[in-house]
There are 2 protein chains.
Amino acid sequence: MARKAQHSKEELRAMALAAAREIVAAEGAAGLSTRKVASRMGYAAGTLYLVFRNLDDLVLQLNAATLEALDAHLAEALARLPADAGPRRRLLALAHAYYLFAREHFHLWSLVFEHHLPEGETMPESLAARVRALLGRVEAELSHLGAGADLAARVLWSGVHGIAVLALTDNLAATGPVDAPALVDSLVNRYLDGFAAAGRNQS
Amino acid sequence: MARKAQHSKEELRAMALAAAREIVAAEGAAGLSTRKVASRMGYAAGTLYLVFRNLDDLVLQLNAATLEALDAHLAEALARLPADAGPRRRLLALAHAYYLFAREHFHLWSLVFEHHLPEGETMPESLAARVRALLGRVEAELSHLGAGADLAARVLWSGVHGIAVLALTDNLAATGPVDAPALVDSLVNRYLDGFAAAGRNQS
DNA sequence: TGACTTTATGAACACTGTTCACTAATCTTT
DNA sequence: AAAGATTAGTGAACAGTGTTCATAAAGTCA
């Protein structure tokens, strides 16, 4: 052994992710650079490459952490609900919590969906697992629908995500003021109503 | 006057947008650079600044063109429908056409939503007008709902957009194979069912 | 002390967006 | 035809980017 490490690799990793998180939160994805992350840690840029394959790798790990925080945020929202709250109420809570998280952590949340991995490469399992966990939360609240719950979960998840994207990137604001929570309510309530109606017709 | 222009400013603008479109379509937003656009036109990079304020400005104009192409694509889809097709059928056609366009022109379509304008700046009217035109198409098919048509239009538009985003960026694929058109069908049909049911209860 | 190992550096490379002094080609005027 | 005016377009420069890698510094062991 030689040159006692100031920080273990695990510490370096955590410091880099924390620095990157602060930068993205404050300046957006465009403000992120290896030199800026490194200098915030008190290291040279080259040091990052001892811990990450490249900047893409760092972003992927930051995104996994963001999804973990989102998951915790959703769990809290559910915990605040009365114990006897029904599925619809719980789904609405999840949907609104999702939108609030996206708004509060806009840049970090954007990075998750705007970071395209290089052609052909596949999402690392660490990230995929986090996505599954989130979707699982929605599926759990829809299990009473029986067959079709997984489809409904994906529709609602995507729908709420779409509302957040368009509302927060001003792509809807061009058409007048947007009340995103009202859109979320309408989506969840009408979709669930429709699902119930369709079910009655079939049976 | 001196040094007869090889191309008028309008021609330069069109050439630059065409070059940028090809680059983005082939390599994605990350592959776009002023030098690459210029060299494809047979000009130096500096020339672009005679026609565009900066690269952001070029991207904004490219995005306006992309939305124009999307609008034409939607118009075609409606035109292919039988003249007696009802609103639901027309809405489904619009939704599926939107998804297909996003899939076929993935990189160009992504650029529209992933290009955040600098903090505080507002979307140029040329783009805003195109967004309004697209949303107007959906609203037109929902006018039979009376009050709440504009809300429903935003919900459906956002929802279909969200499905396209998550399906095409593999953020849902992590949870197993995704049949995006089936998600679109479910969203539009159940939401309209639910809207009809809610309307009955109120009256 | 000398040999060995590992940590971290910082210079180098090829690239980026953007600016601007300048050239070369054309038009206008003499 | 010659001289002067005008401008389209250039290309070098600047500050920044991600990434690599020889090298220096600092520690351990014999």
Side-chain angles (χ1 to χ4, degrees), chain A residues 1-17 19-24 26-63 107 111 114-119 121, chain B residues 1-17 19-24 26-63 107 111 114-119 121:
Chain A
M1 290 275 193
R3 184 158 198 182
K4 193 168 105 198
Q6 304 280 357
H7 301 281
S8 72
K9 294 224 165 168
E10 198 43 55
E11 281 175 320
L12 283 179
R13 200 185 81 96
M15 290 166 68
L17 289 179
R21 178 160 40 238
E22 289 168 22
I23 293 168
V24 171
E27 308 175 41
L32 186 68
S33 83
T34 53
R35 285 171 176 82
K36 233 186 285 196
V37 169
S39 94
R40 225 173 237 257
M41 307 164 56
Y43 278 85
T47 304
L48 288 175
Y49 291 82
L50 301 174
V51 180
F52 301 98
R53 263 192 10 270
N54 48 37
L55 187 60
D56 251 43
D57 185 24
L58 190 157
V59 168
L60 249 20
Q61 297 196 28
L62 178 57
N63 285 345
H107 285 131
L111 194 61
E114 292 179 4
H115 179 80
H116 303 320
L117 5 109
E119 198 89 33
E121 272 194 52
Chain B
M1 293 269 196
R3 188 159 197 180
K4 191 169 107 199
Q6 303 280 355
H7 302 279
S8 72
K9 293 222 166 174
E10 198 43 56
E11 281 175 321
L12 283 180
R13 200 184 81 96
M15 289 166 70
L17 289 178
R21 179 159 39 238
E22 289 168 22
I23 293 168
V24 171
E27 308 175 40
L32 186 67
S33 84
T34 53
R35 285 171 175 83
K36 233 185 287 195
V37 169
S39 94
R40 227 172 236 257
M41 306 164 57
Y43 278 85
T47 303
L48 288 175
Y49 292 80
L50 301 175
V51 180
F52 302 97
R53 258 189 16 269
N54 49 35
L55 187 59
D56 251 43
D57 184 25
L58 190 156
V59 167
L60 248 21
Q61 297 197 28
L62 178 57
N63 285 345
H107 285 131
L111 194 60
E114 294 180 4
H115 178 79
H116 304 321
L117 7 110
E119 198 88 31
E121 273 195 49

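Residues from residues 54-62 of chain A lying near DNA chain C, meaning a heavy-atom separation below 4.0 Å, are absent. Across residues 37-44 of chain B, not one residue has a non-hydrogen atom less than 4.0 Å from an atom of DNA chain C.
Following rounding to the nearest Å, A/Leu50 (CG) and D/dG18 (P) show an atom-to-atom distance of 16 Å. Atom CZ in A/Phe52 sits roughly 18 Å away from atom C1' in D/dT20 (whole-Å rounding). Spacing between atom NZ of A/Lys36 and atom P of D/dA15 amounts to 17 Å, rounded to whole angstrom units. Computed from coordinates, the B/Arg35 CZ to C/dA14 P distance equals 14 Å when rounded to whole Å. In this entry the distance linking CD1 of B/Ile23 with P of C/dT16 reads 10 Å, nearest Å. Between the P atom of C/dT26 and the NE2 atom of B/His7 lies a distance of 14 Å, rounded to the nearest Å. Computed from coordinates, the A/Lys9 NZ to C/dT7 C1' distance equals 9 Å when rounded to whole Å. Between the CD atom of B/Glu27 and the C1' atom of C/dC15 there is a distance of 14 Å, given to the nearest Å.
We find the CD-NE2 distance between B/Glu27 and B/His107 to be 9.5 Å, quoted to the nearest 0.5 Å. Atom CG in B/Leu17 sits 11.5 Å away from atom CE in B/Met15 (nearest 0.5 Å). A distance of 11.5 Å separates CZ in A/Arg21 from CG in A/Leu111, rounded to the nearest 0.5 Å. Atom CG of A/Leu48 and atom CG of A/Leu55 lie 8.5 Å apart (nearest 0.5 Å).
Closest non-hydrogen pair, B/His115 versus B/Val59, comes out as ND1-CG1, 3.6 Å. In plain terms, the two heavy atoms of A/Gln6 and A/Glu11 that are nearest each other are O-OE1, 4.4 Å. Taking both residues in full, the closest heavy atoms of A/Glu121 and A/Arg53 are given as OE1-NH2, 4.2 Å, listed atom of the first, atom of the second, then distance. A/Asn54 and A/Tyr49 make their closest contact through CA-CE2, 3.9 Å (heavy atoms, listed as atom of the first residue, atom of the second, distance). Across all non-hydrogen atoms, the minimal contact from A/Val51 to A/Lys9 is CG1-O, 4.1 Å. When all heavy atoms are compared, the tightest approach of B/Met41 to B/Ala19 is CG-CB, 4.3 Å.
Axis angle across the helix from C/dT1-D/dA30 to C/dT30-D/dA1, with five pairs used at each end and values rounded to 10°: 30°.
Residue A/Tyr49 places its side chain closer to D/dG18 than to any other of C/dG17, D/dG9, D/dG18.
Distances shorter than 4.0 Å separate some side-chain N or O of A/Ser33 from OP1 or OP2 on D/dT17. A close approach under 4.0 Å does occur between a side-chain nitrogen or oxygen of A/Thr34 and OP1 or OP2 of D/dG18. Between B/Thr47 and D/dT10 there is a side-chain N or O to OP1 or OP2 distance below 4.0 Å.
Looking at heavy atoms from C-beta onward, A/Thr47 lies in side-chain contact with A/Leu12 at the 4.5 angstrom threshold. With contacts defined as side-chain heavy-atom distances shorter than 4.5 Å, the pair A/Leu62/A/Val24 qualifies.
Residue B/Leu48 is classed as having no contact, given no heavy-atom separation below 4.0 Å to the nucleic acid.
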